[in-house]
Amino acid sequence: MKKILKNAYVLMSADAEIKKMDILIENGIIIEIEENIENEDNTVELIDLKDKLILPGFINTHTHLAMSLFRGIGDDLTLKEWLFDVMFPREELLTDELTYYGSLISTMEMLSKGTTTVVDMYLFMNGTADAVKDLGVRAYLTRGLGYDNDEGWKRRIDETIELFEKYHNKYNIKVGFGPHAPYTCPMNKLEEIAELTEKYDTFATIHLYEAKHERDMYSFEDLEKTGLFKNNVIAAHCVHVDDKDMKILARNEITVAHNPSSNLKLGNGIAPIIKMLEHEINVTLGTDGAASNNTLNLWEEMRLAALLQKSYGPEKFKTEEALRMVWENGGYALNEKIGRIEEGYKADFAVIDINNIEFYPVDLNRLKSHIVYSAPSNRVYATMVNGEWVYYNGEFPKLKENNYYEKFHELYTNLENKIKEKE
């Protein structure tokens, strides 16, 4: 069915001007954007969005959705302590049911804040795939891969391929490969991932130089030799890259997923985003998981990313650059027509209510600044993916289950009880 979104202000892209326009949608695609679209067909659904501002949907390029189960533990630890002492023991107890409810809660949080697309790497991904399918978010899923022995490695690869065959290009889902990091995947295994990514014509995502000590463990030159960088790769973090590393990222057209909150919380530092942009590296934004952030709020990441880079000079990181990182750069990274409001693009939108005090003065020339620096995420009125409402005025229209909070709490409690029994 066709839809016309009427009477709203529209910001089509980071560099566009805000104008009052109508948007015609058909089969999940933006067909027309004009000042006043006439309803010439009685089958068209008219949606009045007066006092609302329609933005491109936010794109979160690095998460671990099911980690909402672990929110609020390990808050004051180093990355190594947090990962090996707190996370890994709990991850050994995960199941598809646990990851379903953990991912459900995380996705609900993101949809309520205008995020329409997520790139995820984790374990027991059938549970995550079912959760994102049930809520309708656009998702790029990878089963996290690490090497312990040949048998374990083969099992994880087989699980990835099974996930690909079951979900890829279905339910707004794409499936790729997720080698965790070079310190958990030896170079010869990354060579294998490079070949598989090319064979299945898909993407890969990996953690790189998140912590400073990783520089003593591997080099970007070695990574480039594996062939992994010949594919479409999203590299999370890249906090401790130098000029030589950035040249390698640039010449291979690798996207960096910048996670400012997680980088700070785990004491890993501030990524040199200004320098990356000078190297013409495509930089996007991610929240990381709820265990290391602890929110999944891209509005906060956008504001923090902008403020941190002001230390290079306030004029060097502009408002539009922050908006590009959550919109167009993400669409470019994923080779999708998302991240802009443009004819022929997918109808993925965040709709915000500007009739609120945080948007005063309601001056069209200032609204971009308000979006980056003052708008709270709880002003998101609705979120649309592929032309369908996935969040609308506090409700999740696609979600049929209503006892998810109780079930999440029950499973979380059981998991923590098992951890206590081990101690």
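Hydrogens, waters and symmetry mates are skipped; everything else that's a heavy atom, side chains included, is used. Predicted, not measured: the structure shown is a model, and the values here were computed from it. Throughout, residue positions are numbered sequentially from 1 according to the sequence presented.
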Are side-chain heavy atoms of [X] and [Y] found at a separation under 4.5 Å?
{"X": "Cys185", "Y": "Trp153", "value": "yes"}
{"X": "Leu98", "Y": "Leu69", "value": "yes"}
{"X": "Leu11", "Y": "Leu367", "value": "no"}
{"X": "Leu79", "Y": "Glu210", "value": "yes"}
{"X": "Ile281", "Y": "Glu253", "value": "no"}
{"X": "Ile341", "Y": "Ser13", "value": "no"}

| message | Using the side-chain hydrogen bond (donor to acceptor under 3.5 Å, both in side chains) definition, which of the options Thr61, Thr284, Asn282 pairs with Thr255? | response |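 Of the listed options, the one satisfying the test is Asn282.
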
So, [X] versus [Y]: side-chain donor-acceptor pair below 3.5 Å or not?
{"X": "Asp48", "Y": "Asn7", "value": "yes"}
{"X": "Tyr345", "Y": "Glu336", "value": "no"}
{"X": "Asn252", "Y": "Glu224", "value": "yes"}
{"X": "Thr63", "Y": "Asn60", "value": "no"}
{"X": "Ser68", "Y": "Glu109", "value": "no"}
{"X": "His207", "Y": "His62", "value": "yes"}
{"X": "Thr319", "Y": "Ser369", "value": "no"}
{"X": "Asp120", "Y": "His64", "value": "no"}

Say you draw a straight line from [atom1] of [X] to [atom2] of [Y]; how long is it, rounded to the nearest 0.5 Å?
{"X": "Leu308", "Y": "Ile273", "atom1": "CG", "atom2": "CD1", "answer": "9.5 Å"}
{"X": "Thr115", "Y": "Phe58", "atom1": "OG1", "atom2": "CZ", "answer": "7.0 Å"}
{"X": "Ile73", "Y": "Arg71", "atom1": "CD1", "atom2": "CZ", "answer": "12.0 Å"}
{"X": "Ile234", "Y": "Ile254", "atom1": "CD1", "atom2": "CD1", "answer": "10.0 Å"}
{"X": "Ser112", "Y": "Leu296", "atom1": "OG", "atom2": "CG", "answer": "9.5 Å"}
{"X": "Tyr183", "Y": "Lys80", "atom1": "OH", "atom2": "NZ", "answer": "11.0 Å"}

Are the side chain of [X] and the backbone of [Y] linked by a donor-acceptor contact shorter than 3.5 Å?
{"X": "Arg138", "Y": "Val385", "result": "no"}
{"X": "Trp327", "Y": "Pro56", "result": "yes"}
{"X": "Thr202", "Y": "Thr197", "result": "no"}
{"X": "Trp82", "Y": "Ala291", "result": "yes"}
{"X": "Thr160", "Y": "Arg156", "result": "yes"}
{"X": "Glu301", "Y": "Ser261", "result": "yes"}
{"X": "Lys310", "Y": "Phe317", "result": "yes"}

| task | Identify which one of Glu328, Glu320, Glu321 satisfies the salt bridge (Lys or Arg N to Asp or Glu O under 4.0 Å) criterion when paired with Arg324. | result | Glu321

Within a 6.0 Å radius of atom [atom1] on [X], are there more than 12 heavy atoms belonging to other residues, nucleotides or ligands?
{"X": "Glu81", "atom1": "CD", "result": "yes"}
{"X": "Tyr147", "atom1": "OH", "result": "yes"}
{"X": "Glu17", "atom1": "CD", "result": "no"}
{"X": "Asn36", "atom1": "CG", "result": "yes"}
{"X": "Glu315", "atom1": "CD", "result": "yes"}

| task | I would like to know whether Ile30 and Phe349 meet side-chain contact (heavy atoms from CB on, under 4.5 Å); could you show each step before the answer? | result | CA-CA 11 Å; Ile30 302 167; Phe349 307 134; 3.7 Å; yes

| request: Take Tyr101 and Tyr404, measure what ring pair (Phe, Tyr, Trp, His ring centres under 6.0 Å) needs, and give me the verdict at the end. | output: CA-CA 7 Å; Tyr101 283 98; Tyr404 36 82; 8.4 Å; no

Any carboxylate oxygen within less than 4.0 angstrom of a Lys/Arg side-chain nitrogen, looking at [X] and [Y]?
{"X": "Glu191", "Y": "Lys225", "answer": "no"}
{"X": "Lys265", "Y": "Asp75", "answer": "yes"}
{"X": "Glu198", "Y": "Lys230", "answer": "no"}
{"X": "Arg340", "Y": "Asp348", "answer": "no"}
{"X": "Glu97", "Y": "Lys407", "answer": "yes"}
{"X": "Lys2", "Y": "Glu45", "answer": "no"}

| Residue pairs passing the salt bridge (charged side-chain N to carboxylate O under 4.0 Å, His left out) test where at least one lies in residues 372-395, sequence neighbours excluded |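 Salt bridge (charged side-chain N to carboxylate O under 4.0 Å, His left out) check on residues 372-395 returns Lys3-Glu388, Glu358-Arg379.
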
| request: Go through Leu104 and Leu65 one step at a time and tell me if the side-chain contact (heavy atoms from CB on, under 4.5 Å) criterion holds. | output: CA-CA 8 Å; Leu104 199 74; Leu65 286 172; over 6 Å; no

| message | Here's a test for you: under side chain to side chain contact (heavy atoms under 4.5 Å, CB included), which of Val175, Ile173, Val119 qualifies with Tyr140? | response | Val119

| field | Residue list, ring-ring contact (aromatic ring centres under 6.0 Å, His included) with Tyr381, at least two apart or on another chain | value | Tyr392

| request: Show your reasoning for whether salt bridge (charged side-chain N to carboxylate O under 4.0 Å, His left out) applies to Arg155 and Asp148. | output: CA-CA 11 Å; Arg155 174 176 57 79; Asp148 50 0; 5.4 Å; no

Output a table of donor-acceptor pairs, distance under 3.5 Å, between side-chain atoms of residues 125-134 and any protein atom two or more places apart or on a different chain; print 'none' if there are none.
unit_1, atom_1, unit_2, atom_2, d
Thr128, OG1, Ser103, OG, 2.7
Asp130, OD1, Tyr167, OH, 2.7
Asp134, OD2, Tyr100, OH, 2.7

| request: Please step through side-chain contact (heavy atoms from CB on, under 4.5 Å) for the pair Ile29 and Lys346, ending with a clear verdict. | output: CA-CA 5 Å; Ile29 303 297; Lys346 295 181 178 179; 4.0 Å; yes

| Within the 6.0 Å centroid threshold, strictly below: His258 and His237 |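 No: the rings miss the under 6.0 Å criterion.
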
| request: Determine, stepwise, if the pair Met67 / Tyr122 fulfils side-chain contact (heavy atoms from CB on, under 4.5 Å). | output: CA-CA 9 Å; Met67 276 189 158; Tyr122 209 47; 3.7 Å; yes

| field | Worked verdict on Lys275 versus Asp243 for salt bridge (charged side-chain N to carboxylate O under 4.0 Å, His left out) | value | CA-CA 8 Å; Lys275 292 183 180 179; Asp243 281 339; 5.5 Å; no

